[in-house]
Structures are given as C-alpha cells and as structure tokens.
Asks: 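Have a look at this one.
What you see is a predicted model; the values in this text were computed from it and never measured. Worth knowing before you read on, the calculation uses all heavy atoms, side chains too, and leaves out hydrogens, waters and symmetry mates.
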Amino acid sequence: MQNGRVVSLLAVGAVTSLVSALTPATAFAASLASSTADPLRQYTQQKLQWQRCDAGGPAGFQCATVKVPLDYRRPGGKKFGIAISRVKAGSAKERRGVLLLNPGGPGGQGLDMPVELGGGFPKEVKRQYDLIGFDPRGVGQSSPVSCGLSDDELKSERPYKAGTFAKDVKWARSVAAKCQAREGGRLPHLTTRNTARDMDIIRTVLGEKKISYVGYSYGTYLGAVYTQMFPRRADRFVLDSAVDPARIWRGMIQVWAEGAEPAFTRWSEWTAQRHAKYKLGDTPAKVRKTFWDLVAQADRKPIDSDGMSLTGDDIRAGRATFFDVRAAAESVAGLKKAAEGKKPAPSRTSEPAPRRVPPSFARDVPSDNGDASFWAVACADTRAWPRDPEQYRRDAIRDKARYPLYGDFASNIKPCAFWKNGSEPETRVNNKIGTLILQNEWDSQTPLISGQGLHRTLKGSRMVTVAGGVGHGIYGTRSCADKTATAYLTTGRLPAKDLTCQAPAGQEPNTRKLPIPAPQAIPGAPDRS
C-alpha cells in the first residue's frame with residue numbers, strides 16, 4: 001500500500017526540466033510516465049495563495065489552503081482543502097525552517113496557534129522558525145465534517161447502569177448511523193495516518209526537506225505517527241502531554257479513569273491536612289467518606305448547587321478536577337454547603353475569547369464538528385473496538401469496581417462499537433527517531449502513565465517529567481521544562497538522559513484550553529482561567 005511519501009522537490013524539478021526539453025509527443029509520454037511514478041504530483045506542485053488571515057489581527061499572520069486527496073490510494077479522486085497559517089521567522093539570517101503546531105483532539109482546531117499559543121514561545125524559537133498552524137482534515141476550516149447530532153447525542157458522559165444500558169446502546173448506534181448517513185464517503189479517510197500524510201504534503205508545498213513540530217495531547221500521537229511514516233522528514237519534534245500509542249483509542253479514554261484514582265487519593269490526603277479550612281475531614285479516609293456520602297445523597301435526591309441540579313453521576317463526571325487539589329477541595333466544600341442547604345460563594349466564570357476566522361475561510365463550523373471529528377478519528381484509527389455491546393457492559397461493571405470515580409463512564413459503550421472500519425489498520429509506533437516528550441506528573445487528560453507509554457515506543461526519545469506539575473499542556477507556560485525544550489528546538493541537542501524537574505510549590509495549573517474532549521469539572525468548581 002502506498003505510504004504517502006512524496007518525491008523531493010529536486011526530483012520533481014528534474015522531471016519538469018526534462019519534459020520541457022522533449023518534443024510534444026515524447027513530452028506527453030514522459031509527462032504521463034511522471035504522473036504515474038508520482039501520483040501526488042498535482043498536490044506537491046501546487047502554489048499557495050497567501051493572504052492576511054484576519055483584518056483585525058497581526059499583519060504577518062497569513063493563511064492559505066492546501067489541497068490534499070481524500071483517499072491517498074486514489075489521488076485523482078475527491079479532495080480536502082486543508083486550511084494552514086503561518087507567522088514567518090523573525091530573522092531571515094537565523095531561520096532554520098518550519099515548526100508545525102497541533103493543539104490536540106482529535107478534533108482540535110490549530111489554525112490560530114501561531115498567534116494564540118506562539119505568543120508563549122521564546123523569542124529565539126520564533127526567530128528560527130516559521131510557525132505553521134493548520135486545521136486537520138475534517139476539522140474547523142478544513143472541509144469540516146458534521147453528523148447533524150442533537151444536543152442529547154452530543155452527551156457522551158454516560159455512566160453504566162443496568163437500567164439505562166439499552167438506552168446507551170441505542171445512543172451509540174444512533175450516533176454511528178447518523179455519521180455514516182451524512183459523512184460515510186469521508187469517514188474511512190479521517191485518520192491520523194492520513195493527517196500525517198497531509199502534513200507531509202504541507203512540508204513539500206512549503207519547500208522544506210524536513211519539518212519540526214510541537215504537538216500537544218492528541219498532537220503527540222499525530223507527531224509519533226509522522227515519525228513512523230516519514231522518519232527522514234522529521235527534524236525536531238516536541239511531544240507535549242503524551243498519548244500512549246499502545247492504547248489507541250479506547251484505552252486512552254479508559255486511562256482517564258485509571259489516572260483519576262491516584263489523583264483522588266492525593267487530593268484526600270492534601271485536603272485532610274487542611275481540615276480547618278475546608279471542613280471535609282481530618283483524615284484521608286474521612287475526606288473520602290465525605291465525598292462519597294455527597295455522591296450517595298445526590299443519587300437519592302439531586303443537590304441544587306450554583307444554579308444546577310446535580311446527581312451523583314454529575315459529581316463523579318468531574319473526575320478531572322481532582323488533579324488540581326485546591327480547586328477540588330473548594331468545589332467539594334461548596335457542594336457540601338449546598339447539600340446542607342447553605343449557599344456557597346458563586347463560582348468565577350469568564351467568557352471565552354471570540355475565535356478569529358480568516359475572511360477567505362469564513363464559513364460556519366458545524367456545531368457538532370468537534371464531536372463528529374473526534375469520533376471519526378477515534379473510531380477509524382483502529383479496528384480494536386469491541387463489536388459486542390455485552391463486552392462494554394462487562395467492562396463497565398468491572399471498571400466501576402476498579403476505578404469507582406470514573407471507571408464505568410470510561411468503559412461504557414461508545415459509537416465506535418458500530419462504526420465502519422477505517423481505510424487501513426492503525427500505525428504501530430516503534431522507532432528510534434530522536435524526540436522530546438514533556439509530561440506533567442498530574443495531567444488529567446493524558447496521565448503520567450500515558451506519557452511513559454509513548455516514551456517506551458519512541459526508543460530514541462528523551463522525557464522531561466515535571467514533578468508536581470498540574471495541568472494539560474506544558475511548553476510555552478514558563479514551566480521548568482521549557483528551557484530543555486527550547487534548547488532542543490534551537491540547537492537540536494536532546495538531553496543525554498531523561499530529566500525530572502520540580503514544579504514550583506503552589507503552582508497554578510495550566511489553563512490553556514487544549515481541545516481533547518474531556519470529562520467536565522465538577523460543576524461549581526472555581527474558574528482558574
């Protein structure tokens with residue numbers, strides 16, 4: 001099967017020069033032969049039309065569209081338009097090349113990253129690299145997919161209960177069926193492997209022999225797949241808050257439950273030491289009992305908190321909060337007051353900043369695009385999803401006992417049980433390409449064990465662990481890991497061995513919104529943005 005590698009610009013240029021020197025008849029034959037030898041020629045030779053992305057944004061923030069095939073096995077068929085952006089390197093003399101950026105997901109929009117997240121990058125990195133953002137295929141401004149999902153169908157937080165399991169199966173089947181009906185022709189090709197191929201088309205069109213890369217969350221898996229498929233095209237790759245390739249994708253949802261239990265234990269110990277402030281118990285056991293008593297009370301009768309009526313399942317769904325011990329203590333203390341009929345202090349909220357949309361790409365993104373593109377990639381990337389609904393029932397019962405906070409949510413049935421296979425099997429990541437992995441010890445979305453899993457598969461990698469680090473996404477947040485990542489991007493030198501650095505005491509978690517679909521925080525938890 002074609003692996004998506006494109007010929008070098010030098011080789012393409014040589015063929016073009018040869019064809020122009022031949023007679024018309026032989027030129028046609030040579031042209032036909034070259035197109036057969038290089039079926040991606042029409043994509044690798046395209047000329048980009050750069051323009052200012054946003055009349056209200058920086059003048060140097062430019063956007064263009066790159067055409068790529070929907071199906072790389074049939075490059076003459078339907079196409080995707082991939083929206084890309086750039087901010088040029090600050091120094092022509094020091095310029096090294098391009099630095100592609102991905103925020104995560106699957107389903108995260110990356111078009112604005114050169115401005116939104118690039119602002120946190122050190123000046124020496126921005127002097128050396130053109131920062132390149134892009135919306136992956138099917139996402140945002142890149143031929144977005146939509147399944148026409150209703151508000152109820154967008155609710156994927158579904159705890160296991162014997163009485164509602166049939167309804168959950170019906171939901172999963174309905175989501176898969178609606179996506180197939182509306183997007184069936186494109187769904188098999190919305191895969192990480194094809195997005196990696198798109199990245200290599202972008203590389204070629206930009207005239208680069210290699211690319212460097214910073215990917216967050218799902219972007220770490222995308223980056224790892226690129227290094228596997230195009231090892232000679234990968235230059236300096238920083239993989240931040242890592243996905244374990246061995247757990248794609250059901251296992252990466254289940255790891256949320258697995259990682260939540262030690263975070264919950266740590267929280268109960270921290271909170272017990274501060275009983276005078278939070279009044280939740282003066283031992284870890286008493287703190288845990290307070291929490292589970294609140295869950296049981298809310299299961300009997302929902303608790304009215306901060307204008308919301310919360311069941312016990314609603315409270316458990318906020319498992320991500322426990323990675324930030326202070327936020328969780330404040331939240332549970334507020335719930336306890338609400339359960340006692342007292343009025344807790346109102347939580348702080350903030351309106352999200354409006355997203356800039358380039359005028360030339362000014363189309364509405366379907367409201368379900370994030371969910372549709374997430375399920376498309378998660379389901380098509382691998383053929384390991386169980387097909388028997390009863391397997392999900394058994395796993396949910398087992399994992400609720402193993403991981404009481406979130407195990408049944410994670411292992412309950414998902415639309416992938418009824419999804420048609422993607423166009424090819426998943427990628428087995430197993431190479432010695434030099435990469436740098438950054439990982440917070442207390443990352444709620446990609447827990448530490450996940451980062452360690454990626455490190456095992458990338459045998460040439462080095463890993464920087466931020467001990468005590470809280471939050472999802474590290475580079476550009478002035479973390480203690482930033483220095484190592486910047487040195488690697490600017491000099492190419494990886495650390496001689498794995499490193500551990502210490503997060504400052506009382507560190508506030510990173511609040512950068514990386515768009516991996518995630519369980520909600522406990523309602524009423526204070527906003528730290």
Asks: Do Asn431 and Leu458 have side-chain heavy atoms sitting under 4.5 Å apart?
Replies: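 Side-chain contact under 4.5 Å: yes.
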
Asks: Parallel, tilted or perpendicular: which fits the ring planes of Phe237 and Tyr226, with parallel below 30° and perpendicular above 60°?
Replies: parallel

Asks: So do the side chains of Phe409 and Arg319 get within less than 4.5 Å of each other, counting heavy atoms only?
Replies: no

Asks: Under the side chain to side chain donor-acceptor pair (under 3.5 Å) criterion, do Thr192 and Tyr218 qualify, and how do the steps go?
Replies: CA-CA 10 Å; Thr192 299; Tyr218 162 71; 2.8 Å; yes

Asks: Please evaluate residues Leu117 and Leu101 with respect to the criterion side chain to side chain contact (heavy atoms under 4.5 Å, CB included), reporting the C-alpha separation (whole Å), side-chain torsions for both, the decisive distance (0.1 Å), and the verdict.
Replies: CA-CA 9 Å; Leu117 295 189; Leu101 309 171; 5.9 Å; no

Asks: Just wondering, do Gln391 and Trp385 contact through their side chains at under 4.5 Å, heavy atoms?
Replies: no

Asks: If you compare all heavy atoms of Leu454 against all heavy atoms of Ala224, which two are closest, and at what distance to 0.1 Å?
Replies: CD1-CB, 4.0 Å

Asks: Going through the distances and angles, do Val87 and Asp130 end up as a side chain to side chain contact (heavy atoms under 4.5 Å, CB included)?
Replies: CA-CA 6 Å; Val87 172; Asp130 295 349; over 6 Å; no

Asks: Could you tell me if the side chain of Phe61 sits less than 4.5 Å from the side chain of Ser85, heavy atoms only?
Replies: yes

Asks: Which atom pair, heavy atoms only, marks the closest approach of Ala410 to Ala257?
Replies: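 Nearest heavy atoms, Ala410 then Ala257: CB-CB, 4.0 Å.
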
Asks: Determine whether more than 12 heavy atoms belonging to other residues, nucleotides or ligands lie under 6.0 Å from atom CZ of Arg478.
Replies: no

Asks: Using ring-ring contact (aromatic ring centres under 6.0 Å, His included) as the criterion, list what pairs up with Tyr221, not counting sequence neighbours.
Replies: Trp249

Asks: Strictly distance-based, threshold 3.5 Å: is any side-chain N or O of Tyr213 a donor or acceptor partner for the main-chain N or O of Gly219?
Replies: yes

Asks: Check Asp399 with Arg402, please: is the shortest side-chain N to carboxylate O separation under 4.0 Å?
Replies: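 Yes, charged N to carboxylate O under 4.0 Å.
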
Asks: Considering only NZ, NE, NH1 and NH2 on the basic side and carboxylate oxygens on the acidic side, decide whether Glu258 and Arg247 come within less than 4.0 Å.
Replies: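 Salt bridge present between Glu258 and Arg247.
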
Asks: So do the side chains of Leu187 and Trp419 get within less than 4.5 Å of each other, counting heavy atoms only?
Replies: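 In contact.
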
Asks: How far apart are the closest heavy atoms of Ala196 and Leu222, and which atoms are they?
Replies: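 Looking at all heavy atoms of both residues, the closest pair is N-CD1, 3.8 Å.
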
Asks: Please round to the nearest 0.5 Å and tell me the distance separating atom NE2 of His189 and atom CZ of Arg137.
Replies: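 It is 8.5 Å, given to the nearest 0.5 Å.
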
Asks: Just by modelled atom types, is the Glu426 backbone N or O under 3.5 Å from a matching donor or acceptor in the Asp381 side chain?
Replies: no

Asks: Atom SG in Cys501, atom CG in Asp482: separation rounded to 0.5 Å?
Replies: 9.0 Å

Asks: Find the distance between CG (Leu111) and CD (Glu116) and round it off to the nearest 0.5 Å.
Replies: 9.5 Å

Asks: Evaluate whether atom CZ of Arg383 has more than 12 neighbouring non-hydrogen atoms of other residues, nucleotides or ligands under 6.0 angstrom away.
Replies: yes

Asks: State which residue, out of Tyr403, Phe322, Tyr406, Trp270, fulfils the ring pair (Phe, Tyr, Trp, His ring centres under 6.0 Å) condition with Phe264.
Replies: Phe322

Asks: Test Val466 against Cys480 for side chain to side chain contact (heavy atoms under 4.5 Å, CB included), laying out the working first.
Replies: CA-CA 7 Å; Val466 182; Cys480 60; 3.8 Å; yes

Asks: When you measure from the side chain of Thr271 to the backbone N and O of Ser268, does any donor-acceptor pair fall under 3.5 Å?
Replies: no

Asks: Counting C-beta onward and ignoring hydrogens, is there a side-chain heavy-atom pair between Trp267 and Val332 closer than 4.5 Å?
Replies: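 Side-chain contact under 4.5 Å: yes.
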
Asks: Could you tell me whether Glu208 and Arg95 make a salt bridge, using a distance below 4.0 angstrom between a side-chain N and a carboxylate O?
Replies: yes

Asks: Walk me through it: do Thr484 and Leu499 pass the test side chain to side chain contact (heavy atoms under 4.5 Å, CB included)?
Replies: CA-CA 9 Å; Thr484 302; Leu499 302 175; 3.9 Å; yes

Asks: What's the shortest heavy-atom distance between Leu494 and Gly434, and which atoms?
Replies: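 Nearest pair, atom of Leu494 first, then Gly434: CD1-CA, 3.7 Å.
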
Asks: Find the distance between CG (Leu436) and OG1 (Thr486) and round it off to the nearest 0.5 Å.
Replies: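 Reported value, rounded in 0.5 Å steps: 10.0 Å.
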
Asks: Check whether Asp408 reaches the backbone of Tyr160 with its side chain - one donor and one acceptor, N or O, closer than 3.5 Å.
Replies: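 Looks like yes, one N/O pair under 3.5 Å.
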
Asks: I want to check something: taking the side chain as every heavy atom from C-beta on, are Thr195 and Phe80 in contact at a cut-off of under 4.5 Å?
Replies: no

Asks: Are any side-chain N or O atoms of Arg158 and backbone N or O atoms of Ala172, one a donor and one an acceptor, separated by less than 3.5 Å?
Replies: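 No, Arg158 side chain to Ala172 backbone: no donor-acceptor pair under 3.5 Å.
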
Asks: Around atom CZ of Arg394, are there more than 12 heavy atoms from other residues, nucleotides or ligands closer than 6.0 Å?
Replies: yes

Asks: Give the C-alpha distance, both sets of side-chain angles, the deciding distance and a yes or no for salt bridge (Lys or Arg N to Asp or Glu O under 4.0 Å) between Arg197 and Asp200.
Replies: CA-CA 5 Å; Arg197 293 181 175 114; Asp200 207 56; over 6 Å; no

Asks: Kindly compute the distance separating CE (Met113) from CG (Asp135), expressed to the nearest 0.5 Å.
Replies: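 The CG atom of Asp135 is 11.0 Å from CE of Met113, to the nearest 0.5 Å.
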
Asks: Examine distances only and state if a side-chain atom of Ser423 and a backbone atom of Pro188 form a donor-acceptor pair shorter than 3.5 Å.
Replies: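 The answer is yes, because a donor-acceptor pair under 3.5 Å joins these two groups.
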
Asks: Do any N or O atoms from the side chain of Trp256 and from the backbone of Gln445 form a donor-acceptor pair under 3.5 angstrom?
Replies: yes

Asks: Give a yes or no on whether the backbone of Tyr475 and the side-chain of Tyr216 come within a donor-acceptor separation of less than 3.5 Å.
Replies: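 Present.
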
Asks: Is there a donor-acceptor pair closer than 3.5 Å between any side-chain N or O of Gln502 and the backbone N or O of Ala467?
Replies: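 Pair found, side chain donor or acceptor close to backbone of Ala467.
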
Asks: Can you confirm whether Leu99 sits close enough to Phe121 that some side-chain heavy atom of one is under 4.5 Å from a side-chain heavy atom of the other?
Replies: yes

Asks: Could you check whether atom NZ of Lys483 has more than 12 heavy atoms from other residues, nucleotides or ligands sitting under 6.0 Å from it?
Replies: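 Atom NZ in Lys483 is not packed in, count stays at 12 or less.
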
Asks: What's the spacing between Asp368 CG and Cys147 SG if we round to 0.5 Å?
Replies: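 Answer for the CG-SG pair, Asp368 versus Cys147, is 6.0 Å.
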
Asks: For the residue pair Thr446 and Gln439, what are the closest heavy atoms and their distance?
Replies: O-NE2, 2.7 Å

Asks: Is the backbone of Gly215 close enough, under 3.5 Å, to the side chain of Thr220 for a donor and an acceptor to pair up by distance?
Replies: no

Asks: Indicate the atoms forming the closest heavy-atom contact of Thr321 with Ala327, along with that distance.
Replies: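 What the structure gives for the nearest pair is CG2-C, 4.0 Å.
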
